[in-house]
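First comes the structure, then the notes that go with it.
As the structure lists them, so they are numbered: ligands from 1, and atoms in each ligand from 1. Note that the structure is predicted; figures quoted are calculated from it, not measured.
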Amino acid sequence: MLYNSYFKNPKDVPLLLEKIEKYTEQTGPVRLMEICGTHTMAIARSGIRSILPDNVQLLSGPGCPVCVTPANMIDMILDLSQRPGVLITSYGDLLRVPGSAQGDCLLARRAGGGKVESVYSPMDALKIAEEHPETEVVFLGVGFETTAPGTAACILEAASRKLNNFSVLCLLKRTEPAIRSLIESDDFAVNGFLCPGHVAAIIGADGFSFLPDDYRLPGVVSGFEPGDLLYSILELIEMLAHGIPELKNEYTRLVRQSGNPAALALMEQVFCPAPSDWRGLGLIEDSGYAIREQYAPWDAVKKFSLAPAGEKEIPGCRCAQVIRGVLRPAECPLFKKLCSPDNPVGPCMVSGEGACAAAYQYE
Ligand code: SF4
């Protein structure tokens, strides 16, 4: 239909917009949701919202892994960082996420003497553990299916090296149960989904076929260039106009229908589905990954007898509603007033994939 290079060819933009406009004459107002923090940032950075017709609304869903981790889980991590002999290692995003008390985050705990290190991968954390056998190194395994294979490989490596001073606090989450929970909630009002390209690269485009099959909602697995996003939006609106919801894969240069078998095998070997608590969505059956019993020595929950307690939300913060797409960041009374990237009240303003940070920076 369009050139192979449409995803980075600005001259195709007017053609895509013209088609979107034509189809929205048939559909009327359309609400589409992205469920990937990288999409959230790409949409805000490219200014796509500003060029779409007024009756096409783009909403951000629960696609930022740091944002969907509840405050009581962060509090639990903060407490762990104070235990003697423990070093917390984490991707940088999580270091500034506050627990239930404003300003209380891993960076603040480090300033107060807690041992906290930022790492680029779980293997970096493993290396630290190997070099410091006297220290209990805990890696915070946050993310969706995208980061799960790397975390699984790291646990297997720790097991093969018999590295007993290393463990993973598994906060990994599964996308499908969360999307189902969102769709089945009372305030759900979305007509179609931009499906996350990175997650689909692991689980396959077929991992989102439940959208048309079970809910008659269209979905398009999308890439991250502005052209990818515009073309995916066009495909969603075209399906809505024709009344034929399907699951389409726009990101074929990376995503296969059935995913990455090697990555899936790693995940299957190390993890099993488990209930998980989501900020904004609550406890959802099978929406997380637990480390299998066989690898219990590398499971920080078991090693340190961890259990979250206390408030799941930050007082005054509306991240729970932002994550469910029922509130735009600018509608939060604290947005750009008491809450900014320099002084974040909630995780959606901290994370490089958060909807509030994206809106603050670009919109
Ligand atoms: Fe939370 Fe700040 Fe976003 Fe409001 S603006 S929802 S307080 S992160």
Side-chain angles (χ1 to χ4, degrees), residues 31-45 47-50 57-78 90-109 140 142-144 171 173 178-179 181-182 185-190 276-282 284 308 310-363:
R31 290 161 61 89
L32 306 176
M33 177 176 271
E34 90 271 358
I35 34 179
C36 166
T38 313
H39 277 160
T40 301
M41 265 299 164
I43 288 168
R45 191 186 305 117
I48 283 178
R49 278 196 183 88
S50 65
Q57 204 181 349
L58 299 183
L59 305 161
S60 302
C64 157
V66 165
C67 306
V68 299
T69 304
N72 61 353
M73 201 63 85
I74 304 293
D75 286 340
M76 184 185 83
I77 294 167
L78 294 174
S90 167
Y91 300 123
D93 256 14
L94 202 54
L95 301 191
R96 294 182 66 228
V97 173
S100 55
Q102 195 179 353
D104 192 10
C105 62
L106 282 171
L107 272 188
R109 294 293 179 115
L140 305 181
V142 178
F144 296 112
L171 303 166
K173 296 199 185 298
I179 301 172
S181 163
L182 191 70
S185 64
D186 292 341
D187 51 9
F188 178 75
V190 168
S276 185
D277 212 354
W278 295 58
R279 194 188 298 259
L281 297 174
I284 306 171
E311 294 301 320
K312 292 184 186 180
E313 307 294 346
I314 298 165
C317 171
R318 309 285 286 274
C319 282
Q321 287 142 292
V322 169
I323 285 164
R324 281 174 29 242
V326 296
L327 192 89
R328 290 286 305 145
E331 292 166 341
C332 169
L334 307 188
F335 183 76
K336 285 194 176 177
K337 296 184 182 92
L338 292 177
C339 185
S340 67
D342 287 337
N343 187 28
V345 175
C348 296
M349 190 60 92
V350 177
S351 170
E353 298 192 332
C356 297
Y360 188 98
Q361 210 173 337
Y362 297 110
E363 288 172 5

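Atom 3 (Fe) of ligand 1 does not have C348 among its coordinating residues (no N/O/S atom, backbone or side chain, under 2.8 Å). Atom 4 (Fe) of ligand 1 has no N, O or S atom of C319 inside 2.8 Å of it. Among the backbone and side-chain atoms of C332, none of the N, O or S atoms lies under 2.8 Å from atom 1 (Fe) of ligand 1.
Inter-residue side-chain proximity for C348 and R318 is flagged as unmet; no heavy-atom pair is nearer than 4.5 Å.
The 12-atom threshold is not exceeded at CD of E311, counting heavy atoms of other residues, nucleotides or ligands nearer than 6.0 Å.
Of the possible donor and acceptor atoms, none in the side chain of R324 sits under 3.5 Å from a partner among the backbone N and O of P62. A distance-only check finds a donor-acceptor pair linking the side chain of R31 to the backbone of A189 [under 3.5 Å].
For atom 1 (Fe) of ligand 1, the nearest non-hydrogen atom of the protein is C317 SG, 2.5 Å. Nearest non-hydrogen protein atom to atom 2 (Fe) of ligand 1 is C339 SG, 2.3 Å.
A salt bridge links R328 and E363; the closest N-O separation between the charged side-chain nitrogens and carboxylate oxygens is under 4.0 Å.
Annotation for ligand 1: atoms under 4.0 Å from non-hydrogen atoms of M349 are 8 (S). Residue C356 approaches ligand 1 through these ligand atoms, each under 4.0 Å from one of its heavy atoms: 3 (Fe), 5 (S), 6 (S), 8 (S).
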Carefully, step by step, assess V322 and E331 under the rule side-chain contact (heavy atoms from CB on, under 4.5 Å).
-> CA-CA 9 Å; V322 169; E331 292 166 341; over 6 Å; no
